[in-house]
K.L.:
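Dumping the structure here so I can ask a few things about it.
Remember, it's 1-based here, ligands and their atoms both numbered in the order they're listed.
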Amino acid sequence: MKILVINCGSSSLKFQLIDSVTEEALGKGLCERIGIDGSVINFTPAGKDKIVKEIPMPDHNKAIELVIEALTDPATGVVKALSEIDAVGHRIVHGGESFTKSVRIDDEVIRAIEEVSDLAPLHNPANLIGVRACQKAMPGVPMVAVFDTAFHQTMPEEAYLYGLPYSFYEKYKVRRYGFHGTSHAYVSKRAAEIIGKPYESLKTIVCHLGNGASISAVKNGKCIDTSMGLTPLEGLIMGTRSGDIDPAVIEYLNGRDGRDLKDIMNALNKQSGVFGLSGNLSSDFRDLEAGYNKGDAGATRAIMGFAYRVTKYIGSYAAAMDGVDCICFTAGVGENSPLVRSLVLKRLGFLGIRLDEAANDVHGKERTISTPDSAVRVMVVPTNEELAIARDTAALCA
Ligand code: ADP
């Protein structure tokens, strides 16, 4: 089957056409600045050069129209006709407690996604705009919703409840949900395949370290804890997000230098993390590593703080699972930063972890970076959220 994977944001739309049999991406691209001046679509057919076109996209319907044009273009497209696209898989950020796995989209599913949109007001409505635009452009083509939160729905109550009045959960559904679930599921399953042991028999910690970063504990094939919470602000120190802080910081800052709640939340989401810690040097680890290597104090502070938080979470998840067989690093930083991996792992000798420095320094694909005598297998497993979405979509539409 040929599956179109759509990841729709409020002003952007990422797409990829995947052959579900070969699991190859036939082409991928991005529409940017939808509804804003200077809209651009770029499309890269597999093995060919990227094509960039500046075309006005007043709304997502126009963007989908251009995606279809790009995919079916007689010269540079990757399918002859729209009818070759068998199904569409949509990334949906928040499924609340309503969705524990991917589902075929129908009117009832759309209503249920709308119902939990309060929990992700920036993301879910944008995701649904993408669904509706595809339904309009491709009537009759089956569509699937794949949720960032679904994989984490197996967390037990003790992990997902905050220490708050229980009525806050009952009335408002305030609890921990977790995100990046598609990636945590894909990487933990892939790790079991690489190790050659049943998924249901392993204790795995997945460190998804990108601009947004989260970590999860997967025990016997089920997620039992993850670092993001009600929103993606909780947990690790991220590119620009604070991660865990004392909630009283918010009240303490309120009114200082004229700050109101909106300013403070904006600071926690957009000016904090390694960006804020470094003294606004950068949120990009390539810049921070360059600074660290030159002895820059801000860059060093940010990288050490980031790595320390990851180490603490790994330690706590090893405790939560009563052991750990495998630790996986994935996403932009996890896949590409030997420095961060080594700073994290060097503190975990008490778990019997032995880092293979040479393997850690090799840039490449899937690989083991622990020594053969390490008590825990440590791996780099590049994530592939689009492929995971395509697999679920194919399975539900076959
Ligand atoms: P997201 O999907 O959350 O935007 P990614 O998983 O794409 O994030 O990760 C992006 C981050 O990965 C960048 O901000 C950058 O810090 C980091 N990164 C990418 N390449 C490298 C590299 N070679 N070395 C260190 N960090 C890198």
K.L.:
Taking only Lys NZ, Arg NE, NH1 and NH2, and the carboxylate oxygens of Asp or Glu, determine whether Glu23 and Arg391 approach each other closer than 4.0 Å.
P.N.:
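Salt bridge flag = yes for Arg391 with Glu23.
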
K.L.:
May I ask you to decide whether Asp284 forms a salt bridge with Arg286, counting only side-chain N to carboxylate O separations under 4.0 Å?
P.N.:
yes

K.L.:
Nearest non-hydrogen contact with atom 15 (C) of ligand 1 belongs to which option: Leu209, Asp284, Asn211?
P.N.:
Asp284

K.L.:
Under 3.5 Å between some N or O of ligand 1 and some N or O of His363?
P.N.:
no

K.L.:
What protein heavy atom lies closest to atom 19 (C) of ligand 1? Include the residue and the distance to one decimal.
P.N.:
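I find the closest protein heavy atom is Arg286 CZ, 3.6 Å.
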
K.L.:
Indicate yes or no: does Glu234 engage Arg176 in a salt bridge with an N to O separation below 4.0 Å.
P.N.:
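Yes, this pair counts.
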
K.L.:
Flag atom 2 (O) of ligand 1 as yes if some protein heavy-atom distance to it falls below 4.0 Å, otherwise no.
P.N.:
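Given the 4.0 Å limit, the answer for atom 2 (O) of ligand 1 is no, no protein heavy atom qualifies.
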
K.L.:
Any ion pair linking Arg111 and Glu114 (charged N to carboxylate O, less than 4.0 Å)?
P.N.:
no

K.L.:
Number the atoms of ligand 1 from 1 as they appear, then name those within less than 4.0 Å of a heavy atom of Ala331, with their elements.
P.N.:
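Listed by number with element: 6 (O).
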
K.L.:
Between Ser98 and Glu115, do the side chains contain a donor N or O and an acceptor N or O under 3.5 Å apart?
P.N.:
no

K.L.:
Looking only at atom types and distance, does a side-chain atom of Ser272 sit under 3.5 Å from a main-chain N or O of Asn269, one as donor and one as acceptor?
P.N.:
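Checked: no pair found.
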
K.L.:
In terms of hydrophobic clustering (I, L, V, M, F, W, Y; side-chain heavy atoms under 4.5 Å; direct or indirect links), are Leu122 and Val93 co-clustered?
P.N.:
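No; Val93 is not reachable from Leu122 via cluster members.
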
K.L.:
Atom 7 (O) of ligand 1: protein heavy atom closer than 4.0 Å?
P.N.:
no

K.L.:
Among all protein heavy atoms, pick the one closest to atom 17 (C) of ligand 1 and tell me residue, atom and distance.
P.N.:
Val333 CG2, 3.7 Å

K.L.:
Is Gly212 in contact with ligand 1, taking contact as a heavy-atom separation below 4.0 Å?
P.N.:
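Gly212 counts as a contact of ligand 1 under the 4.0 Å cut-off.
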
K.L.:
Run the salt bridge (Lys or Arg N to Asp or Glu O under 4.0 Å) test on Asp296 and Lys294 for me, step by step, so that the C-alpha distance in whole Å, both residues' side-chain angles and the decisive distance to 0.1 Å come before the verdict.
P.N.:
CA-CA 6 Å; Asp296 178 86; Lys294 282 191 286 188; over 6 Å; no

K.L.:
Give the residue, atom name and distance (to 0.1 Å) of the protein heavy atom nearest atom 24 (N) of ligand 1.
P.N.:
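In this structure, atom 24 (N) of ligand 1 has Asn336 O, 3.4 Å as its nearest protein heavy atom.
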
K.L.:
What is the closest protein heavy atom to atom 5 (P) of ligand 1, and at what distance does it sit?
P.N.:
Gly332 N, 3.7 Å

K.L.:
I want to know if ligand 1 touches Gly210 in the polar sense, i.e. an N/O pair below 3.5 angstrom.
P.N.:
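No, Gly210 has no N/O under 3.5 Å of an N/O on ligand 1.
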
K.L.:
For atom 26 (N) of ligand 1, what is the nearest protein heavy atom, given as residue, atom name and distance?
P.N.:
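Looking at atom 26 (N) of ligand 1, the protein heavy atom closest to it is Phe285 CB, 3.5 Å.
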
